[in-house]
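Data block below; observations after.
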Amino acid sequence: MRANWQEFFGETSDVLKNAKHQQTVVRVLGLEIGGGDFITMAGPCSVETEQQILSTAHHVRQRGAQILRGGAFKPRSSPYAFQGHGLAGLKMLAQARSETGLAIVTEVMSEDDVSLVAEYADILQIGSRSMENFTLLEAAARSGKPILLKRGMMATVSDLLKSAQVVLDSGNPNVILCERGIRTFDATLRNTFDAAAIALLKQISHLPVIADPSHACGHRELVPALARIGVAAGADGIIIEVHPHPEKAWSDGEQSLNFAEFDQMMASLAPYIALRGASLNALALETVG
Ligand code: PEP
Ligand code: MN
């Protein structure tokens, strides 16, 4: 790593690569995130009904996803929008896990809910709007569950790493970073996908990095292209919104793929993932040689 990155990110030295620690592997239900395999997390923005979450879980699992996403506690930009089913949503996610074997990632928004969400989830998601809620980060970290830390929409890479450092400082080494788009002057899309941040994070940090093309652009037509960019930038996986009927979704329907679109995206991603595997193997050989 360039010496000036060491200096620039000096406040968060524990999340930076060093001679002894090049890569964190987060282990969840037999999966290894950051371990070389490309990980796909998929599911609806919000858990709506049993039928919706179960049919999505079965479908995405068949197409190669390993982790089911779905919000039971929803941070919404409007206070009048659907806020999630809470405990009932967590129970539906647990049922989906027992039927499919998929691990569950779901958001926790409040310190008060950490123990409840941790009872049901395999990975706790800290949403973009909560990235700098340090008391929430500390409480989530103390649950012992891996943390999917989403980049704040107005956060720099350095801010993201500071939040990751807080989780590590609280005794939890299992942090997964997530680039989900940031706000810029260009309002054409929901956010601006910062692919360079993925490449940079992969160079400087040992923590696994996940790309979220759905929130990054806000339009389902662009999601497959952004997913391919995520793979090419070196991400360890993606998180994608999928819904049986996106036009009827209670949240984020515009950016959700239907089942056929998800299948097409997975097929279009496969050669990129294969190339990525080949280059990782070549890197390993270089290191050994
Ligand atoms: C989500 O994953 O549905 C979500 C609300 O994401 P973000 O926190 O990135 O906006
Ligand atoms: Mn969403």
Side-chain angles (χ1 to χ4, degrees), residues 39-48 52-53 56 60 65 67-79 81-86 89-90 92-93 103-110 113 117 121-133 136-137 140 146-157 159-160 163-164 175-184 189-194 197-198 201 209-220 222-223 226-227 230 235 237-258 262:
I39 299 293
T40 301
M41 308 180 182
C45 179
S46 308
V47 179
E48 298 168 4
Q52 172 241 21
I53 194 69
T56 308
V60 301
I67 299 179
L68 178 67
R69 64 147 290 144
F73 292 92
K74 292 305 300 174
R76 304 303 303 282
S77 295
S78 162
F82 175 55
Q83 308 290 317
H85 285 309
L90 296 174
M92 291 186 229
L93 287 167
I104 301 297
V105 58
T106 194
E107 178 158 356
V108 58
M109 288 175 60
S110 152
D113 298 329
V117 179
D122 301 296
I123 302 174
L124 300 183
Q125 175 172 321
I126 300 292
S128 190
R129 292 159 191 79
S130 301
M131 189 204 81
E132 287 183 315
N133 182 341
L136 172 63
L137 287 174
I147 306 292
L148 178 72
L149 180 61
K150 297 190 100 180
R151 181 178 179 182
M153 58 187 83
M154 305 288 276
T156 63
V157 169
D159 296 332
L160 173 64
S163 293
V175 181
I176 306 158
L177 303 171
C178 178
E179 161 56 33
R180 48 76 78 204
I182 49 173
R183 284 210 171 141
T184 67
L189 302 176
R190 182 173 182 185
N191 289 298
T192 297
F193 184 44
D194 189 359
I198 296 174
L201 288 168
V209 179
I210 297 290
D212 177 347
S214 309
H215 293 87
C217 66
H219 295 276
R220 74 175 67 89
L222 299 176
V223 167
L226 266 56
I238 46 173
I239 182 163
I240 301 281
E241 287 187 339
V242 182
H243 192 287
H245 304 287
E247 65 291 348
K248 295 189 194 151
W250 299 4
S251 61
D252 285 351
E254 265 303 291
Q255 66 194 32
S256 300
L257 304 181
N258 65 28
F262 179 70

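Order of appearance sets the numbers: ligands from 1, and atoms from 1 within every ligand.
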Using side chain to side chain contact (heavy atoms under 4.5 Å, CB included), reason through Ile126 and Asn133 one step at a time and then give a plain yes or no.
CA-CA 9 Å; Ile126 300 292; Asn133 182 341; over 6 Å; no
For the Mn ion (ligand 2), how many protein N, O or S atoms come closer than 2.8 Å?
4
If you measure from each heavy atom of [X] to ligand 1, is any distance below 4.0 Å?
X: Arg76; answer: no
X: Arg69; answer: yes
X: Cys45; answer: yes

Does the side chain of [X] reach to within under 4.5 Å of the side chain of [Y], using non-hydrogen atoms?
X: Thr156; Y: Asp159; answer: yes
X: Met131; Y: Leu149; answer: yes
X: Glu107; Y: Ser130; answer: yes
X: Ser110; Y: Phe73; answer: no
X: Ile176; Y: Val105; answer: no

Sequence neighbours excluded, which residues qualify as side chain to side chain donor-acceptor pair (under 3.5 Å) partners of Thr106?
none
How about [X] and [Y]: does a side-chain donor come under 3.5 Å of a side-chain acceptor?
X: His215; Y: Glu241; result: yes
X: His243; Y: Asp252; result: no
X: Arg129; Y: Ser77; result: yes

Going by the atom numbers of ligand 1, which of them fall below 4.0 Å from some non-hydrogen atom of Gly127?
8 (O)
For [atom], what is the closest protein heavy atom, and at what distance to 0.1 Å?
atom: atom 6 (O) of ligand 1; value: Lys150 NZ, 2.9 Å
atom: atom 8 (O) of ligand 1; value: Ser128 N, 2.7 Å
atom: atom 4 (C) of ligand 1; value: His215 NE2, 3.4 Å

In terms of its nearest heavy atom to atom 9 (O) of ligand 1, the top option of Glu241, Arg190, Arg180 is Arg180
